[in-house]
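Notes follow the structure.
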Number of protein chains: 2
Amino acid sequence: MIGTGIKRGTAELAILSVLEDGPLHGYELAQRIEKQTRGALRFTLAALYPTLYKMEQRGWVRGNWETSRNGRRRRCYSLTSAGKTKLSPMREEWAELFRALRQLTKVSDA
Amino acid sequence: MIGTGIKRGTAELAILSVLEDGPLHGYELAQRIEKQTRGALRFTLAALYPTLYKMEQRGWVRGNWETSRNGRRRRCYSLTSAGKTKLSPMREEWAELFRALRQLTKVSDA
DNA sequence: CCCTTACATATAGGATTCTTATATATAAGT
DNA sequence: ACTTATATATAAGAATCCTATATGTAAGGG
């Protein structure tokens with residue numbers, strides 16, 4: 001798995017990206033990130049929840065409480081239009097970092 | 001310029017990478033990183049110095065005090081063999097992050 | 001001669017973003 | 001009855017960056 005020091009800052013991009021494919025609740029979001037990267041990128045829920053609250057305050061995501069038929073409460077997060085708008089420049093900034101590191105070193109992206 | 005939150009963790013890779021091309025002192029190291037990335041990646045010296053001290057303690061770099069003919073003191077950092085050995089796995093881990101983010105989102109690396 | 005800019009290193013204090021550990025609670029499987 | 005999976009929440013701590021501040025030399029312009 002990718003170490004903490006290196007993956008720092010990727011959580012927001014990861015959350016917005018997976019929410020682009022449809023709403024998810026927090027627990028499922030963590031699994032999605034892990035599976036979609038084949039276990040390479042992994043976040044604890046203790047990291048994801050505060051990040052989601054912050055992103056909700058910024059208006060990038062909206063969390064709606066749900067009560068499933070079993071009476072289980074959980075919050076379903078969906079991407080807002082403001083969040084969707086944020087994705088492009090955020091991707092571009094990450095692409096910029098990739099280019100910069102490639103100019104400095106020989107990081108292969110195979 | 002690339003934001004703080006995103007570039008976190010890149011300093012060590014950047015330092016090792018530019019030192020691979022030859023010894024440099026701290027001040028020059030900051031300029032090198034900035035120029036070689038066309039200003040995209042930039043670190044303050046207040047960030048670089050403590051990082052260099054930490055890397056020296058780990059044995060990845062060695063800092064030798066120099067006194068130029070003007071009597072100006074400065075420390076010249078060079079890559080040790082241990083530091084050289086660290087570069088490959090570090091590059092690989094960054095490449096892993098690139099792959100992971102590409103699997104999650106549509107970060108172009110043009 | 002003085003002032004500003006460039007060179008050069010150093011540390012303190014603060015922000016951000018992760019971690020582990022802890023807490024609570026329901027549902028399902030053995 | 002016990003454990004695992006589901007589900008959210010917070011506290012305490014580590015790591016890495018920032019701005020601000022400190023110190024001092026060298027070079028160039030007015």
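Chain letters run A, B, ... following the sequence lines, proteins first, then strands; residues in each count from 1. Worth saying up front: this structure is predicted, and the values here are computed from it rather than measured.
B:Lys54 forms no cation-pi arrangement with B:Tyr49, by the criterion of a distance under 6.0 Å to the ring centre and an angle within 45° of the ring axis. A:Arg91 forms no cation-pi arrangement with A:Trp94, by the criterion of a distance under 6.0 Å to the ring centre and an angle within 45° of the ring axis.
Projected onto DNA chain D by closest heavy-atom contact, A:Tyr53 and A:Arg8 fall at different nucleotides, the more 5' of which corresponds to A:Tyr53.
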- What do the steps show when you test B:Glu92 against B:Arg99 for salt bridge (charged side-chain N to carboxylate O under 4.0 Å, His left out), and what is the final call? CA-CA 10 Å; B:Glu92 179 47 40; B:Arg99 283 193 291 272; 2.8 Å; yes

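Secondary-structure annotation of DNA chain D gives the stems C:1-30 with D:1-30, with a stem taken as at least 3 successive Watson-Crick or G-U pairs whose two distances both fall under 3.5 Å.
Look at B:Gln31 and you'll find a side-chain N or O under 4.0 angstrom from OP1 or OP2 of C:dC7. Look at A:Tyr49 and you won't find any side-chain N or O under 4.0 angstrom from OP1 or OP2 of D:dA9. Close to D:dC18, at under 4.0 Å from its OP1 or OP2, lies no side-chain N or O of B:Thr4. Contact between the side-chain N/O atoms of B:Lys54 and the OP1/OP2 oxygens of D:dT16 is found at a separation under 4.0 Å.
In this structure, the nucleotide among C:dT11, C:dA10, D:dA7 sitting nearest to the side chain of B:Arg75 is C:dA10. For A:Phe43, whose side chain is taken as the heavy atoms from C-beta onward, the closest listed nucleotide among C:dT19, C:dA6, D:dT8 is C:dT19. Considering only the side chain of A:Tyr27, D:dA5 comes nearest among C:dC18, C:dA6, D:dA5.
Within the 4.5 Å cutoff, the side chain of A:Phe98 has heavy atoms near those of the A:Arg102 side chain.
If you take OG1 on B:Thr80 and CZ on B:Arg58, they are separated by 12.5 Å, rounding to the nearest 0.5 Å.
Between the A:Lys7 side chain and the A:Arg42 main chain, a donor and an acceptor come within less than 3.5 Å of each other.
If you check every strand for non-hydrogen atoms under 4.0 Å, B:Glu66 touches nothing.
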